[in-house]
Structures are given as C-alpha cells and as structure tokens.
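Lettering follows sequence order; numbering is per chain, from 1.
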Amino acid sequence: MELDLKKINLRDVNDKLQNLDRKQNQRDFTIINPEGNHALCAGLTEEMNVTIKGHVGYYCAGMNQKAQITIDGNVGTGVAENMMSGRVHVKGNASQSAGATAHGGLLIIDGDASSRCGISMKGADIIVKGSVGHMSGFMSQSGNLIVCGDAGEALGDSLYETNIYIKGSVKSLGADCVEKKMDKKHVNKLKKFLKDAEIKNHKAESFKRYGSARKLYNFKIDNNY
Amino acid sequence: MCGIVGIYLKSKKFENSLGSMLSDMLVNMGSRGPDSAGFAIYQDDSEENFKYSLCLNEFDFERFKKEIESKINVLDIKKNSDHVIMKTKNEPNEVIKMINKNFKEISIVGYGKSIEIFKQVGEPKDVVRKFNLKSFSGTHGIGHTRMATESAITTEGSHPYSTGEDECLVHNGSLSNHNNLRRKLKKEGINFNSENDTEVAAGYISKNLSNKKSLNDTLKDGLKDLDGFYTFITGTRKGFAVLRDEIACKPAVIAETDDYVAIASEFQAMAHLPNVNNAKIFEPEPGVVYSWGN
C-alpha cells in the first residue's frame with residue numbers, strides 16, 4: 001500500500017502504521033514524498049515492511065519494535081533512536097546520534113553517519129558501511145557498533161560493554177576506550193554481521209576491535225585514569 | 001533553537017526565483033524560530049553605488065525622504081513595509097554618521113553595493129509576506145528564523161547582522177564569551193547596536209576582513225576565538241561560507257546541484273527546491289569552513 005505524504009498528513013500516516021488494522025492483512029507499505037518530515041514511522045510495534053522513498057527528518061523509526069523499515073534516502077538526527085527490535089536500513093547518510101540509546105534490533109547505514117553514532121546504545125547492533133563522526137559510541141552500554149570506514153575523534157568515550165569494530169582509521173580514542181584483541185569468537189560474530197548486511201568487500205579479520213578498559217567503572221580516589 | 005537558511009546560485013537559471021526559494025525555506029523554518037525573521041539578498045554585483053538598508057521604526061517615510069534628500073545626493077529611495085532601501089554615491093562612514101546623528105529613531109540594518117537586508121519581529125511567514133520576499137531576484141541570499149534566548153525580541157535582536165560593507169551573518173546557537181569579545185572589539189573601533197551575541201561574531205568577522213584577512217582564515221580563527229555553540233552562515237558580496245563549531249550540536253544540511261548550493265538547519269526546509277532529490281546532500285563537518293563564490 002502506498003502512502004503519499006503530500007496527500008495524507010504525517011500524523012495520519014504514523015497513526016495508520018502504529019495501529020495496524022489486522023483485519024486488512026496489509027503489512028507492506030511504501031511511503032512517498034517524505035520531504036524531510038520528522039518522527040516518520042516512530043513507535044511502530046508490529047511486524048511489517050515499510051519503505052520510505054526519499055529523505056526524512058529527525059527521529060525516523062524511533063522506538064521501533066519488530067518492524068522492518070527501509071529509508072531510500074538520507075535521515076536526520078536520531079534515526080532508530082531507542083529502537084527495541086526489528087531492522088532499520090538507511091540507504092543514504094545519517095545525521096548525528098543514529099541509533100541513540102537503542103536496546104535491540106539492527107540498524108544498517110549504507111552511507112556515513114555523523115557524530116555520536118550509537119550514543120548510549122543499550123544492546124542494538126549498528127552497522128555503518130561508511131564512516132562515523134566524533135564521539136561515536138559515547139557511553140554505550142551493550143551491543144555492537146561496526147564501522148567499515150573511519151571513526152572520528154573520541155571514539156567510544158566512557159563506554160561500558162559495547163563492542164566496537166572499525167575497519168578504517170580512528171582519529172582518537174575517548175576516555176577509557178582501548179583497542180582489544182580480536183579472538184576467533186569476535187571474528188565469527190563479525191562475519192555474521194557482515195553477512196547480514198550483505199557486506200562482501202570487507203573481511204572480518206581486517207577489522208580492529210575496541211572496548212572498555214573498565215577503569216572508569218569504580219571511583220578512584222586519585223581520580224587518575 | 002533558531003533556523004538558518006541560505007542559497008547561492010551557481011548559474012543564472014534561478015536568479016529570478018531566488019526570493020521565492022528563500023521565502024519557502026524561511027517559512028518552513030518557522031518551526032525552529034517563531035519570534036522574528038530576517039533575510040539578506042545580494043543582487044547585481046556590478047553596482048558601484050552604495051545601498052543602505054534602513055528600518056524606519058515608525059519614523060514617517062515622506063519626512064525622512066525629504067530630510068535626507070536635503071543632506072545627501074540620493075539616487076533612489078524605496079520603501080518596503082517599514083524598511084527603506086536608499087541608493088547613493090556617498091560613502092558609508094559619512095552616511096552612517098549622518099543618519100545616526102540626525103535620525104536617531106532609524107536603524108541601519110545593513111549597507112553595501114549589493115546587499116539588502118530586511119528583518120523584523122513576528123512569525124517568519126508574516127515577515128516574508130510583509131517584505132514580499134517572493135518577488136526578489138538575486139545571486140545569493142541568507143535568512144534566519146529566531147527563537148530568542150539571550151536578548152530581547154526586537155528588530156535589533158533579529159538576524160542577519162551586518163557590521164561591514166556587504167557582509168552579514170546568521171547564527172544558530174549561542175556564544176558564551178560575547179561580552180568580553182564585544183568590549184575588546186569596541187576598543188578596536190567596531191560599533192554594536194544590541195546586546196546580542198551574534199552581532200559580536202559579525203563584528204569579529206568584519207574586523208578581521210577589514211584587516212585583509214581572507215574569509216576562510218577569519219572563520220578558522222573564529223574556531224579559537226568564539227566560544228560557544230554555533231552554525232554560522234556568513235554572506236559576502238561574492239558568496240557565502242558555512243562554519244559549525246567543533247562540538248557540532250547545531251544542525252546543518254547542505255544540498256548542492258549544478259545550479260545552486262542550499263543550506264538549511266533541517267532538510268525539510270529544502271525539500272521544495274528544484275531537483276533537490278538528485279542533489280549531493282551532506283552535513284558540513286564540525287570545525288571545517290565551507291565556502292562558495294568567495
């Protein structure tokens with residue numbers, strides 16, 4: 001079913017997708033003319049496939065549960081923020097705070113993501129085929145952040161237990177973020193992610209793994225980390 | 001919050017619709033700044049005379065026209081709502097002094113050979129209608145919708161700020177060292193008409209440009225000297241430049257085609273532009289100066 005945002009207003013489109021009419025057995029939607037609107041497809045809770053044709057604004061697919069959402073364009077700040085499950089695929093670039101605080105699900109970005117990608121993520125998996133900006137993975141707690149390009153300044157600052165895999169260069173590491181050994185189990189895990197995201201031109205073995213040095217976990221009397 | 005927009009035309013194709021393109025962008029950004037709006041339009045860069053953009057502030061236009069024509073040789077004077085565009089051969093240092101002395105009620109919002117500035121309090125959609133922005137043509141333009149944070153909602157508090165010939169600045173963000181910097185610049189001879197932080201940044205840029213520093217170098221130095229959050233668009237006679245601070249909390253999106261470069265706080269402000277879906281769309285990186293035409 002096609003939903004044209006030039007004809008139907010944003011709230012009605014979101015309302016339709018958030019309160020799916022089960023009697024109609026309609027689970028495939030294409031949204032056209034998004035024109036940079038904010039909060040499109042936010043708060044979906046059921047299994048469905050949504051394709052958005054064009055560029056969208058802030059918080060697209062926020063709080064997603066179960067839905068598979070593809071954006072054929074760029075996304076603004078906070079795509080898939082606080083996602084719980086499901087899959088969000090951005091075919092263009094993403095602005096800052098992509099996947100912020102996301103608890104679960106998979107976020108794939110074909111282009112670049114700007115600053116603070118995966119900030120405070122709590123269990124989601126984020127795969128960026130391009131590069132990420134500064135402070136990515138800031139205070140992230142759990143899950144995996146995989147970047148096929150480069151990472152900006154202060155990667156993984158103050159992070160907890162997120163695994164960060166970077167193929168390219170890292171401009172600088174944030175406080176308490178260190179490079180860690182790639183064990184076989186990490187390589188195998190990464191292989192699975194690359195397969196899921198249909199990434200064939202990067203080998204899992206060529207990535208570097210970063211994680212927490214766990215020195216900020218406890219207060220140190222001399223405040224010297 | 002605040003919304004900022006700008007268009008620089010790379011070809012002549014859209015010169016007649018520049019005002020219309022900018023107008024729709026400003027109206028869309030009304031959601032980020034409902035208090036006031038303003039815009040600067042650059043026209044005809046071969047002009048040799050000076051144009052002064054003035055806000056009447058309820059001063060009677062006919063009286064102003066009569067009195068000013070008795071003092072200087074006015075080539076053309078046009079009223080547009082509560083603003084006036086006056087053309088003359090007389091140099092800025094003479095005209096500015098004369099207006100400030102004889103017409104205290106009137107504020108000079110900008111001057112130069114190519115720039116025209118209009119700004120006023122009110123919802124952006126009303127402000128652009130009032131000045132009939134849609135009817136403007138030009139080579140490039142920038143605009144601002146304001147959500148006031150650190151100074152009053154007045155015409156003086158509205159953007160764009162112009163502190164030098166054919167220069168202007170719009171700003172989304174806030175500066176924290178503007179009082180110190182204002183004191184320093186005042187000592188160096190820059191005049192300020194408001195308590196606004198952006199005016200200080202505009203003065204800082206004018207001061208450096210008047211010292212023959214390039215716009216690129218001026219903005220790069222600004223990264224060290226201007227403390228705070230910002231996305232700036234600064235206009236000059238030949239083009240404009242964009243700069244975001246290194247933290248980059250304040251948004252900006254650029255769309256570039258063969259015919260134009262557009263910038264806005266949010267993509268939705270550009271969604272109506274011709275062929276935008278095939279444009280190269282990117283976010284300016286923090287701490288990097290982007291410029292066109294300069």
Trainee: As an exercise, state the distance from CD of B:Q268 to CG of A:N37, rounded to the nearest 0.5 Å.
Mentor: 6.0 Å

Trainee: First locate atom CD of B:E283, then atom CD of A:Q96, and finally report the distance between them rounded to the nearest 0.5 Å.
Mentor: 6.5 Å

Trainee: Considering residues, nucleotides and ligands other than B:K10, do more than 12 of their heavy atoms fall under 6.0 Å from its NZ?
Mentor: yes

Trainee: To the nearest 0.5 Å, how far apart are NZ in A:K53 and CG in B:N277?
Mentor: 12.0 Å

Trainee: Got A:H38 and B:E266 here, is their nearest side-chain heavy-atom distance under 4.5 Å?
Mentor: yes

Trainee: How far does CE of B:M270 sit from CD of A:E35, to the nearest 0.5 angstrom?
Mentor: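 Rounded to the nearest 0.5 Å, the CE-CD separation comes to 12.5 Å.
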
Trainee: Taking all non-hydrogen atoms of both residues, which atom of B:P251 and which atom of A:Y58 are closest, and how far apart?
Mentor: CG-OH, 3.5 Å

Trainee: In this structure, are over 12 heavy atoms from other groups packed under 6.0 Å from B:D258 atom CG?
Mentor: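 No, because the 6.0 Å sphere around CG of B:D258 holds 12 heavy atoms or fewer from other groups.
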
Trainee: Determine the option with the most heavy-atom pairs under 4.5 angstrom with chain B, choosing from A:S95, A:S114, A:P34, A:S115.
Mentor: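 Maximum pair count with chain B is reached by A:S95.
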
Trainee: Please say whether more than 12 non-hydrogen atoms of neighbouring residues, nucleotides or ligands are located less than 6.0 Å from NZ in B:K207.
Mentor: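 Yes.
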
Trainee: Report yes or no: does A:H55 contribute a side-chain atom to a donor-acceptor pair with the main-chain N or O of B:F267 at less than 3.5 Å?
Mentor: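 Absent.
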
Trainee: Identify the heavy atoms of B:I281 and A:N93 that sit nearest to each other, and give their distance.
Mentor: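 Residues B:I281 and A:N93, closest heavy atoms: O-ND2, 3.8 Å.
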
Trainee: Does OH belonging to A:Y59 count more than 12 external heavy atoms closer than 6.0 Å?
Mentor: no

Trainee: Take a 6.0 Å sphere around OH of A:Y160 and say whether it holds more than 12 heavy atoms from other residues, nucleotides or ligands.
Mentor: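 Open: at most 12 neighbouring heavy atoms sit under 6.0 Å from OH of A:Y160.
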
Trainee: In terms of heavy-atom proximity below 4.5 Å to chain A, should B:E285 be classed as side chain, backbone, both, or neither?
Mentor: neither

Trainee: What's the shortest heavy-atom distance between B:A248 and A:R116, and which atoms?
Mentor: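 Heavy atoms only, the tightest pair is O-NH2, 3.0 Å.
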
